[in-house]
Amino acid sequence: IAEAANIVMVSPVSSSPDVTEAGDFIFRDYPSDALKTKAMANYFEEAGVEKVAIIAENTDFAIAFRDSLVENVGEEAVVFNEVVEPNTKDFRSLMTRLKDIEFDIFVADGQTSATIAAMLIQMHEVGIEAQSISHDVGEDKSLLDLAPEASEGLLTINVPKIGDDEPFGLKFVPKYGEAQAALAFVGHAYDAMGVLAEAIGAVGTDGVAIRDYLYGLSGYDGVVGNFSFDENGDVVGINYALSQVKDGEFTKIKDIPVN
């Protein structure tokens with residue numbers, strides 16, 4: 001609708017690779033999952049991960065993530081690749097099968113933290129102790145409440161987090177309370193509005209003029225970092241971070257490059 005009407009849209013948390021081809025007026029300040037899965041594949045190679053197990057929820061987001069990850073690690077590396085219907089709660093039969101397969105890491109590819117929590121809990125219930133990893137959906141405070149024991153040690157690859165004790169958090173949290181998921185999502189939304197407001201302030205409200213301003217932007221100094229847009233409207237300049245649940249909190253381990 002926005003594309004057809006020549007109305008610029010800046011999306012703060014759209015990660016599907018399909019958004020790259022959404023149109024000339026569509027932008028996002030959140031990286032594509034095509035890059036996130038490259039970052040995850042880079043980590044697997046660095047960590048010596050050779051055999052990958054995946055359970056994906058049958059949603060646009062989770063399936064796109066799975067397909068991109070399989071492409072980046074290679075089909076031969078994926079030894080378990082199952083899809084479940086949305087909001088599935090019982091993974092016991094899949095976990096029983098997975099227990100008999102040799103693998104290095106389990107990718108919990110759910111649409112919600114509740115689905116990922118159920119995967120982790122039932123994996124532990126059948127006695128699987130292998131390393132688990134997830135994406136931005138897994139890096140959610142609610143996951144720690146839903147699966148306090150099973151989530152311990154979980155790895156996530158996500159955009160860099162914004163702490164409650166950082167300048168943005170110190171302004172946001174006292175006024176609105178703690179973010180329900182991750183404060184980084186709030187930061188990306190704030191910056192999407194900010195970069196659009198800057199464009200309108202510079203060139204007015206004409207859609208073509210705003211589009212051209214954003215394409216020509218050398219850099220916007222936002223809460224999430226300094227970023228610009230490429231020829232497809234995808235964000236440039238936002239990297240990824242590897243975090244792990246330690247003592248009930250997500251703790252950054254290191255930055256993960258895409259290339």
Validation row: [X], [Y] side chains within 4.5 angstrom (heavy atoms):
{"X": "Val186", "Y": "Phe168", "value": "yes"}
{"X": "Ser243", "Y": "Glu139", "value": "yes"}
{"X": "Arg211", "Y": "Asp24", "value": "yes"}
{"X": "Asp255", "Y": "Tyr240", "value": "no"}
{"X": "Leu69", "Y": "Val107", "value": "yes"}
{"X": "Ile162", "Y": "Phe172", "value": "no"}
{"X": "Phe227", "Y": "Val236", "value": "no"}
{"X": "Phe103", "Y": "Ile54", "value": "no"}

Will you find, in the side chains of [X] and [Y], an N or O donor that is under 3.5 Å from an N or O acceptor?
{"X": "Asn72", "Y": "Thr37", "result": "yes"}
{"X": "Glu57", "Y": "Thr115", "result": "yes"}
{"X": "Asp136", "Y": "Tyr30", "result": "yes"}
{"X": "Ser113", "Y": "Ser142", "result": "yes"}
{"X": "Asp109", "Y": "His135", "result": "yes"}
{"X": "Asp234", "Y": "Thr20", "result": "yes"}

Sequence neighbours left out, cut at 3.5 Å: what donor-acceptor pairs do the side chains of residues 189-207 make with other protein atoms?
residue : atom : partner : partner atom : Å
Asp191  : OD1  : Val223  : N            : 2.9
Asp191  : OD2  : Val223  : N            : 2.8
Asp191  : OD2  : Val224  : N            : 2.9
Glu198  : OE2  : Tyr213  : OH           : 2.8
Asp206  : OD2  : Val208  : N            : 3.2
Asp206  : OD2  : Ala209  : N            : 3.0

Do [X] and [Y] share a hydrophobic cluster, counting only Ile, Leu, Val, Met, Phe, Trp and Tyr and linking them when any side-chain heavy atoms are less than 4.5 Å apart?
{"X": "Met119", "Y": "Ile101", "value": "yes"}
{"X": "Met40", "Y": "Val52", "value": "yes"}
{"X": "Val13", "Y": "Phe27", "value": "yes"}
{"X": "Leu154", "Y": "Ile105", "value": "no"}
{"X": "Val83", "Y": "Val79", "value": "no"}

With no hydrogens and no angle check, is any side-chain donor or acceptor of [X] less than 3.5 Å from a backbone partner on [Y]?
{"X": "Thr156", "Y": "Asn158", "value": "no"}
{"X": "Thr88", "Y": "Glu85", "value": "yes"}
{"X": "Glu71", "Y": "Arg66", "value": "no"}
{"X": "Glu152", "Y": "Gly248", "value": "yes"}
{"X": "Arg28", "Y": "Ser11", "value": "no"}
{"X": "Gln111", "Y": "Thr59", "value": "no"}
{"X": "Asp104", "Y": "Glu50", "value": "yes"}
{"X": "Ser134", "Y": "Ala108", "value": "yes"}

### Salt-bridge present (Arg92, Glu125; N to O < 4.0 Å)
yes
### Query
Would you call Glu178-Lys141 a salt bridge at under 4.0 Å N-O?
yes
### Message
For Glu166, is the CD atom crowded, meaning more than 12 foreign heavy atoms sit under 6.0 Å from it?
### Response
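Above 12, so yes.
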### Task
Could you tell me whether Asp60 atom CG has more than 12 heavy atoms of other residues or ligands within 6.0 Å of it?
no
### Nearest-0.5 Å distance that lies between atom OG in Ser151 and atom CZ in Phe250
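Result: 6.5 Å between the selected atoms.
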